[in-house]
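Excluded from the calculations below are hydrogen atoms, water molecules and symmetry mates; all remaining heavy atoms, backbone and side chain alike, are included. Numbers here are sequence positions counted from 1.
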Amino acid sequence: MTEELQWLRLEPLDSCFFKGSEPMVAGENHTARSVFPPMPSTLLGALRTAVLLQRGLDPFMYAREEKTGRDIAGRYPLLGTPERPGFKVVGPIFEATVPGGAVVRFLPAPAHWMASKQSLKKAEAMHHGASDACEDSAESDKSTQPKRRIRIAPADLFSELIRTVGLKGSIPEPLWALNPQAADLAPLLDHWISVEALEEVHQGRNELSCFSDLSSYTGGPALLPLKAFYTYEERVGIALEDRRRTAKSGYLYAASHIRLKKGVAMLLGLDRELVPSHLDAEGLLTLGGEQRLVSYTLVPDRMPLPPKRGPWAVALSHFPWEELRANNWQNLPRISRAPVRMAGWDMKKAFHKPVTAYLPPGTSIRTADAGELPLGFYNG
């Protein structure tokens with residue numbers, strides 16, 4: 001990420017549905033899950049559709065490989081072609097207005113940051129109503145509420161000392177945490193950090209405040225689970241007969257919708273300036289599987305990113321597996337959750353899109369140096 005990005009603030013007016021790869025044919029699967037945060041391709045498609053509609057252009061005519069479609073692409077070059085957009089998106093990341101009025105921005109926590117499993121379980125338990133989320137700090141003043149603190153142990157490559165004794169793992173370049181404070185360490189998957197927390201750990205201060213929900217967070221370096229930013233809403237509907245689109249007797253389906261918590265917005269970065277040449281500075285767009293309305297506004301500042309330091313490249317959003325090879329990262333040490341496989345429907349070809357494997361936000365790749373990173377990654 002660089003300061004050259006233009007940013008949009010997205011605020012859904014209702015719940016959103018970002019369908020996974022499960023089929024929605026009655027009898028094959030009865031539940032459709034939301035993939036959250038949404039895929040960059042989902043957000044990119046919503047923006048391209050908004051550009052066409054705001055400029056009074058027919059999406060069908062744009063998609064046709066005829067003179068009209070070529071003329072539209074010529075007038076609005078950042079739209080690109082139907083197959084290849086002329087711009088890229090980064091994110092989304094989160095922005096939240098916390099108690100006290102501060103506005104805080106959050107990045108996916110680097111997966112190579114490790115923490116005690118017990119602490120993480122306590123944080124999850126508090127999210128569901130338990131009384132304590134993280135380990136109490138030993139230095140807490142007994143006359144006040146104990147501070148919720150969690151110790152971070154960043155992983156790294158084996159030191160040369162370890163190599164000399166011949167210790168090996170099941171992979172060529174295993175990672176380890178030096179001087180761990182707990183024996184049950186696990187990667188910080190599905191957690192997000194305030195921008196200040198990144199600088200805190202870079203400075204060697206490896207204890208962060210841990211909050212299970214935004215209601216008790218007032219700002220500063222902190223760690224929160226992804227579920228702190230939204231709630232699930234289960235929706236049940238009538239299944240349809242294949243092709244005929246009529247109600248199928250005796251079948252229902254359920255879908256998991258996402259509703260952002262009060263005061264939470266998604267921030268989406270654009271690598272090209274869509275506003276104002278292609279897109280209005282504010283407006284509405286439709287997003288997700290059920291085309292829910294989302295209000296968007298241009299973020300006035302360029303949101304400078306944390307300075308580049310350290311050899312870790314951390315993904316800000318889902319990215320395709322092929323990008324590892326494109327950056328010559330395929331054989332580098334990596335910490336991540338399992339890939340997400342996504343396909344979709346190509347409306348122009350009236351056929352399925354190829355299935356693509358995506359690595360999730362927070363994926364950490366141990367690169368050789370702290371050089372320039374490709375779009376969509378930050379130094380963790």
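Each of F94, F229, W192 was scored for a ring pair (Phe, Tyr, Trp, His ring centres under 6.0 Å) with F106, with one residue passing: F229. Screening L285, L78, L274 against L279 for a side chain to side chain contact (heavy atoms under 4.5 Å, CB included) leaves a single residue, L274.
In this structure R337 satisfies the salt bridge (Lys or Arg N to Asp or Glu O under 4.0 Å) test together with D190, sequence neighbours excluded. Considering only residues two or more places apart in sequence or on other chains, E322 meets the salt bridge (Lys or Arg N to Asp or Glu O under 4.0 Å) condition with none of them.
Side-chain contact check for V264 versus Y230: every heavy-atom pair is 4.5 Å or farther apart. Looking at L47 and Y296, their side chains never come closer than 4.5 Å, going by heavy atoms from C-beta outward. Contact annotation: the side chain of L287 never approaches that of P12 to less than 4.5 Å [non-hydrogen atoms, C-beta and beyond]. Counting heavy atoms from C-beta outward, K261 and D213 have side chains that approach closer than 4.5 Å.
Within a 6.0 Å sphere centred on CD of Q291, other residues, nucleotides and ligands contribute more than 12 heavy atoms. Summarising the local packing, CZ of R272 is surrounded by 12 or fewer heavy atoms from other residues, nucleotides or ligands at distances under 6.0 Å. At most 12 heavy atoms of other shown residues, nucleotides or ligands fall within 6.0 angstrom of atom CZ in R325.
To the nearest 0.5 angstrom, H112 atom NE2 is 9.0 Å from R366 atom CZ. Remark: N331 CG to I365 CD1 distance equals 12.5 Å, nearest 0.5 Å. The structure places CG of L375 at 8.0 Å from OG of S317, a figure rounded to the nearest 0.5 Å.
A donor-acceptor pair under 3.5 Å is absent between the side-chain atoms of S295 and the main chain of E11, judged by distance alone. R55 places a side-chain N or O within donor-acceptor distance of the main-chain N or O of H278, the cut-off being under 3.5 Å. A donor-acceptor contact shorter than 3.5 Å links the side chain of S364 to the backbone of A111. Distance alone, capped at 3.5 Å, places no donor-acceptor pair between the E95 side chain and the R9 backbone. Side-chain atoms of Y62 come within 3.5 Å of backbone atoms of L79 as a donor-acceptor pair (strictly under, hydrogens ignored). A donor-acceptor pair under 3.5 Å links the side-chain atoms of H191 to the main chain of L189, judged by distance alone.
With hydrophobic clusters built from ILVMFWY side chains whose heavy atoms lie under 4.5 angstrom apart, L57 does not share a cluster with L53. In this structure, L188 is not a member of the same hydrophobic cluster as M114, with clusters built from ILVMFWY side-chain heavy atoms closer than 4.5 Å.
A donor and an acceptor atom, one from each side chain of T356 and R341, are nowhere located under 3.5 Å apart. Donor-acceptor pairing under 3.5 Å is recorded for the side chains of R292 and S15. S256 and E233 are not linked by any side-chain donor-acceptor pair at a separation below 3.5 angstrom, with hydrogens and angles left out of the test.
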Distance-only donor-acceptor pairs under 3.5 Å for side chains of residues 85-93, two or more places apart:
none

